[in-house]
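Following: one structure in structure tokens, then a few remarks.
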Number of protein chains: 2
Amino acid sequence: MDDLLMRRATIDDIPAIVAMLSDDPLGAAREAEAGHPSYTLAFKEIDADPHQTLAVGERGGEVVACLQLTVIPGLSRQGAKRALIEAVRVRSDQRGSGLGKRLIEWAIEEARARGCVMVQLTTDKSRLDAHRFYLSLGFTDSHIGMKLAL
Amino acid sequence: MDDLLMRRATIDDIPAIVAMLSDDPLGAAREAEAGHPSYTLAFKEIDADPHQTLAVGERGGEVVACLQLTVIPGLSRQGAKRALIEAVRVRSDQRGSGLGKRLIEWAIEEARARGCVMVQLTTDKSRLDAHRFYLSLGFTDSHIGMKLAL
């Protein structure tokens with residue numbers, strides 16, 4: 001397990017990240033070819049924003065996991081910062097190996113290092129394995145996640 | 001209803017915002033005196049971040065509502081931006097007047113104007129009125145909101 005390297009994503013990681021976003025029951029219908037210019041544009045925006053961390057997990061020289069962390073300052077809770085986790089993916093051939101746990105634990109440590117008092121995320125109601133996974137890591141399913149497509 | 005003015009919050013709005021955050025079944029135990037320096041520090045961080053909009057609703061010269069909008073770039077959904085809404089409050093004496101609907105509709109328009117394809121938020125499972133409210137505005141309760149205190 002100790003061969004996982006977590007690092008900030010570079011523009012060259014886009015194809016591997018998009019492949020993971022696409023290889024997913026919910027994501028498959030939502031993504032385009034990895035070469036689509038919209039991904040490069042979005043990457044540059046993420047990379048230029050000091051409150052964003054797009055991270056990948058590398059194993060044996062290959063990108064096998066990703067997630068995005070957003071640090072959000074706020075007035076609530078006495079001016080506390082919170083971290084939002086989005087776009088969590090583990091490459092399908094690497095699942096069940098404890099890699100997801102390592103990935104989220106890395107994100108939790110990163111959030112703590114950035115002064116956040118809370119980490120939050122939403123997970124689709126249909127992702128039952130994900131619910132059990134996050135609960136096992138100490139998250140509480142205290143909220144309802146509402147979405148509105150524009 | 002047309003007397004509601006939505007505008008970007010200024011540092012002078014902190015006391016009114018903190019009063020609304022505190023006047024809440026869940027928020028009461030979490031907040032400090034509005035003069036606490038942590039609120040000023042947090043306000044400055046929010047205000048300096050171009051991806052954050054802390055907005056207040058003013059009526060008759062008084063701040064009667066607030067919310068915070070965060071624009072989040074991402075690779076998912078073909079490089080789409082999403083907007084997160086946090087810290088939604090309507091002053092208790094103004095509830096039931098349609099003001100909350102105006103507030104969220106303003107946030108939705110702001111998110112659209114900033115190029116977001118989705119608006120999302122989480123609401124505590126205990127806030128039953130809030131669930132009905134967001135569903136009535138077209139949100140779907142498709143997700144579970146997970147939180148982990150650090």
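Naming convention: chains lettered A, B, ... in sequence-line order (proteins, then strands); numbering from 1 in each chain. Below, each value reflects all heavy atoms present in this structure, side chains not excepted, and no hydrogens, waters or symmetry copies. Keep in mind it's a predicted model, so treat the numbers as computed, not measured.
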Show the atom names and distances, to 0.1 Å, of all donor-acceptor pairs under 3.5 Å that link a side chain in residues 138-150 of chain A to residues at least two apart or in another chain.
unit_1, atom_1, unit_2, atom_2, d
A:Thr140, OG1, B:Lys147, O, 3.4
A:Lys147, NZ, A:Thr122, OG1, 3.1
A:Lys147, NZ, B:Gln120, OE1, 2.9

Point to revise | chain B neighbours within residues 9-23 of chain A, where any heavy atom lies under 4.5 Å away | key: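 Those residues of residues 9-23 of chain A which have a heavy atom under 4.5 Å from chain B are A:Ile17, A:Leu21.
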
Counting only heavy atoms closer than 4.5 Å, note whether [X] contacts chain B via side chain, backbone, both or neither.
X: A:Glu31; value: both
X: A:Ala111; value: both
X: A:Val119; value: both
X: A:Ile108; value: both

Under 4.5 Å between any side-chain heavy atoms of [X] and [Y], yes or no?
X: B:Leu4; Y: B:Leu103; answer: no
X: A:His51; Y: B:His51; answer: no
X: A:Thr123; Y: A:Phe133; answer: no

Check your understanding: How many angstroms lie between atom CZ of B:Arg91 and atom CD of B:Glu62, to the nearest 0.5 angstrom?
Key ->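 With rounding to 0.5 Å, CZ (B:Arg91) is 4.5 Å from CD (B:Glu62).
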
Point to revise | Top contributor to chain A interface from B:Leu41, B:Thr40, B:Asp49 [non-hydrogen pairs under 4.5 Å] | key: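 Of B:Leu41, B:Thr40, B:Asp49, B:Asp49 has the most heavy-atom pairs under 4.5 Å with chain A.
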
Check your understanding: Is the side chain of B:His131 donor-acceptor paired with the backbone N or O of B:Asp124 at a distance under 3.5 Å, no angle test?
Key ->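 Side chain of B:His131 to backbone of B:Asp124, a donor-acceptor pair under 3.5 Å: yes, one is there.
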
Practice item. Determine, for A:Lys44 against A:Asp47, whether the closest basic-nitrogen to carboxylate-oxygen distance falls under 4.0 angstrom. Key: no

Check your understanding: Does A:Glu105 pair with A:Arg102 as a salt bridge, N-O distance under 4.0 Å?
Key -> no

Review point. Which atoms of B:Glu45 come close to chain A, meaning under 4.5 Å heavy atom to heavy atom: side chain ones, backbone ones, both, or neither?
Key: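 Both parts, backbone and side chain.
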
Check your understanding: Heavy atoms under 4.5 Å from chain A: which residues of residues 75-82 of chain B carry them?
Key -> B:Leu75, B:Ser76, B:Arg77, B:Gln78, B:Gly79, B:Lys81, B:Arg82

Practice item. Could I get the full list of ring-ring contact (aromatic ring centres under 6.0 Å, His included) partners for B:Tyr39, not counting sequence neighbours? Key: none

Point to revise | Residue from A:Thr53, A:Ile46, A:Leu84 passing side chain to side chain contact (heavy atoms under 4.5 Å, CB included) with A:Gln68 | key: A:Ile46

